[in-house]
Amino acid sequence: MTRPLRIALIGTQFMGRAHSNAWRQVHAFFDSERIPELALVCGRDLAKTEAFARQWGWREAVADWREVVAREDIDAVDLSLPQHLQAEVAIAAAAHGKQIFCEKPMALNPDEAHAMSHAATQAGVVNAVNYNYRRAPAVALARQIIDEGRIGTIRHWRGAYLQDWLRDPGTPSGWKLQKQFAGSGPHGDLNSHSVDLARYLVGDIVEVSCHRRTFIGERPSVDDPAKRVPVDIDDASQLLVSFANGAMGSFEATRFATGNRNANQFEIYGSRGALRWHLEDLNRLEFYSDDDPPHLRGFRQILVTEPCHPYVGRWWPPGHVIGYEHTFVHSIADFLAAVAGQSAYRPDFEDGARVLEILDAARKADESSASVKLKPSGQG
Ligand SMILES: NC(=O)c1ccc[n+]([C@@H]2O[C@H](COP(=O)([O-])OP(=O)(O)OC[C@H]3O[C@@H](n4cnc5c(N)ncnc54)[C@H](O)[C@@H]3O)[C@@H](O)[C@H]2O)c1
């Protein structure tokens, strides 16, 4: 028996579009007891939000998120908002019993994140953080290969998330460059993706040291290009970490890596094998195995498009590659399964809060020029 799930989306730009596409597609490709109904979309400018609603098939548009979370004809909210708003909206939504799908990093800091987790747990609602790269089939296959013991004991994680869109000092300062709205720069925005992947693939992080830099201290205001505004977030961040299981790790996140547009990548080295992945070639997983005869050893490239690969059987025949937007469809398919009570959603708000704890410890490590230890938590 299927039942509708009435969705309200809050935020209508980059993620608003990616999520709208996923909500529209998911039911055609993934079976679920709950069928999303694109009921309501919320943005600050009503006329623009109405145009967005027409384009993406949302039934109604409103301009006030408080109205959204209080509406009785809404079952789930999708928060595609700047970081400074996510906690307030999520806590209000939980109080009204809404299921919550929330963009990453879920809040400005760990305290806000724990408050969100507490509110969602008290309300008994599904709480999901959209670290969507876990749901690239090649990344989910990497986890399967690790769980099967094929790379042995993990010794090294090397994560990097490299972009270059801030190289030009003339690039204006929007909300993503202001601490009060974003919390941090790539330290939180990009490293949070990598830390989530590392928790998912390697395990929990228990010690961290860190260096962050701001290369360009002021930029033109996005509202008035003649005005200069200070940049009070990092432009780049590097972490060295210890995992609870004894592995070591490094992370690099920057918006100044010339020529790298969205280069999210990792390498994992184990005692018997290794894995490498790069978002810009997301259907491919590189795998090295000591089980291969010595004369054939080397990194093989697995084209992760076989029906036996995670998520892939729902899409196209082998070799018919998928893309960035599919990771969002997978996140939302798993969210619908969680709402239907078929499986638990990970990463949940506790996982999202742990990512922020690790990044906050890294901030403190940078400020004190000393490594910071964390109390162990669990695998992501
Ligand atoms: N999962 C990913 O890979 C990924 C990628 C990009 C961004 N994000 C995250 O998604 C979130 C949104 O980022 P984005 O890139 O879409 O930003 P954006 O600037 O493109 O969109 C932000 C949206 O929030 C809306 N908004 C702001 N204040 C509002 C208010 N008071 N009421 C209603 N709407 C309001 C804006 O109008 C806009 O539509 C952030 O948390 C970001 O970190 C995640």
Side-chain angles (χ1 to χ4, degrees), residues 8-22 40-53 55-56 58 61-69 77-90 92-93 100-109 112-113 116 128-136 139 161 163 165 172-197 222-223 233 253 255 261-264 279-280 282 323-332 334-335 347 349 351-352 355-356 359:
L9 167 71
I10 313 179
T12 57
Q13 286 185 48
F14 178 22
M15 282 304 105
R17 294 173 67 238
H19 291 202
S20 294
N21 176 61
L40 188 59
V41 59
C42 174
R44 283 170 300 179
D45 179 320
L46 187 58
K48 282 189 189 157
T49 309
E50 282 169 347
F52 182 95
Q55 180 164 10
W56 288 97
W58 293 92
V62 295
D64 181 1
W65 66 260
R66 287 172 205 283
E67 177 189 337
V68 175
V69 295
V77 291
D78 172 339
L79 310 188
S80 296
L81 289 165
Q83 270 56 54
H84 73 291
L85 284 169
Q86 307 261 54
E88 190 183 1
V89 182
I100 308 171
F101 185 80
C102 180
E103 262 307 338
K104 50 54 60 181
M106 61 192 281
L108 287 173
N109 55 53
E112 282 189 356
M116 291 164 78
V129 186
N130 185 37
Y131 284 112
N132 51 306
Y133 296 125
R134 283 182 181 219
R135 289 177 162 84
V139 175
Y161 200 149
Q163 299 182 339
W165 58 279
S173 168
W175 71 264
K176 290 185 183 179
L177 276 66
Q178 294 174 57
K179 194 173 176 182
Q180 60 172 319
F181 302 122
S184 64
H187 179 72
D189 179 21
L190 305 183
N191 267 337
S192 67
H193 270 303
S194 303
V195 169
D196 178 71
L197 288 178
V222 78
D223 305 314
I233 48 112
R255 294 165 173 165
R261 311 300 285 160
N262 196 32
N264 177 7
L279 172 65
E280 290 174 350
L282 70 82
Y324 174 68
E325 69 271 31
H326 296 77
T327 62
F328 293 87
V329 179
H330 301 162
S331 294
I332 278 173
D334 289 341
F335 177 76
F349 279 6
D351 290 311
V355 170
L356 286 176
L359 293 171

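Ligands are counted one by one from 1 in listed order, and the atoms in each one are counted from 1 as well.
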For ligand 1, which atoms sit closer than 4.0 Å to a heavy atom of [X]?
| X | value |
| --- | --- |
| N130 | 1 (N) |
| Q86 | 41 (O) |
| K176 | 14 (P), 15 (O), 17 (O) |
| N132 | 1 (N), 2 (C), 3 (O) |

Close side-chain approach of R134 and L197, heavy atoms under 4.5 Å: yes
Close side-chain approach of S80 to D78, heavy-atom, < 4.5 Å: yes
Evaluation steps, salt bridge (Lys or Arg N to Asp or Glu O under 4.0 Å), between R66 and E88: CA-CA 10 Å; R66 287 172 205 283; E88 190 183 1; 3.0 Å; yes
When you measure from [atom] to every protein heavy atom, which one gives the shortest distance, and what is it?
| atom | answer |
| --- | --- |
| atom 4 (C) of ligand 1 | M15 SD, 3.5 Å |
| atom 41 (O) of ligand 1 | Q83 NE2, 2.6 Å |
| atom 43 (O) of ligand 1 | K104 O, 2.8 Å |
| atom 39 (O) of ligand 1 | T12 N, 2.7 Å |
| atom 40 (C) of ligand 1 | L81 O, 3.2 Å |
| atom 36 (C) of ligand 1 | R44 NH2, 3.5 Å |
| atom 3 (O) of ligand 1 | H193 NE2, 3.1 Å |
| atom 44 (C) of ligand 1 | E103 OE1, 3.0 Å |

Side chain, backbone, both or neither: the part of Q13 lying under 4.0 Å from ligand 1 by heavy atom: both
Ligand 1-proximal atoms of L85, by part, heavy-atom distance under 4.0 Å: side chain
Looking at [X] and [Y], what are the two nearest heavy atoms and their distance?
| X | Y | answer |
| --- | --- | --- |
| V69 | A92 | CG2-CB, 4.0 Å |
| Q180 | H84 | O-CB, 3.2 Å |
| A22 | I332 | CB-CD1, 3.6 Å |
| R44 | A63 | O-CB, 3.8 Å |

Best match, F14, W175, F181: closest heavy atom to atom 19 (O) of ligand 1: W175
Nearest neighbour of atom 22 (C) of ligand 1 from the list G11, S80, A18, on a heavy-atom basis: S80
Presence of salt bridge, R135 and D334, under 4.0 angstrom: yes
Residue pair Q163 / N262, side-chain donor-acceptor N/O under 3.5 Å: yes
Test log, rule salt bridge (Lys or Arg N to Asp or Glu O under 4.0 Å), inputs R255 and D189: CA-CA 10 Å; R255 294 165 173 165; D189 179 21; 2.9 Å; yes
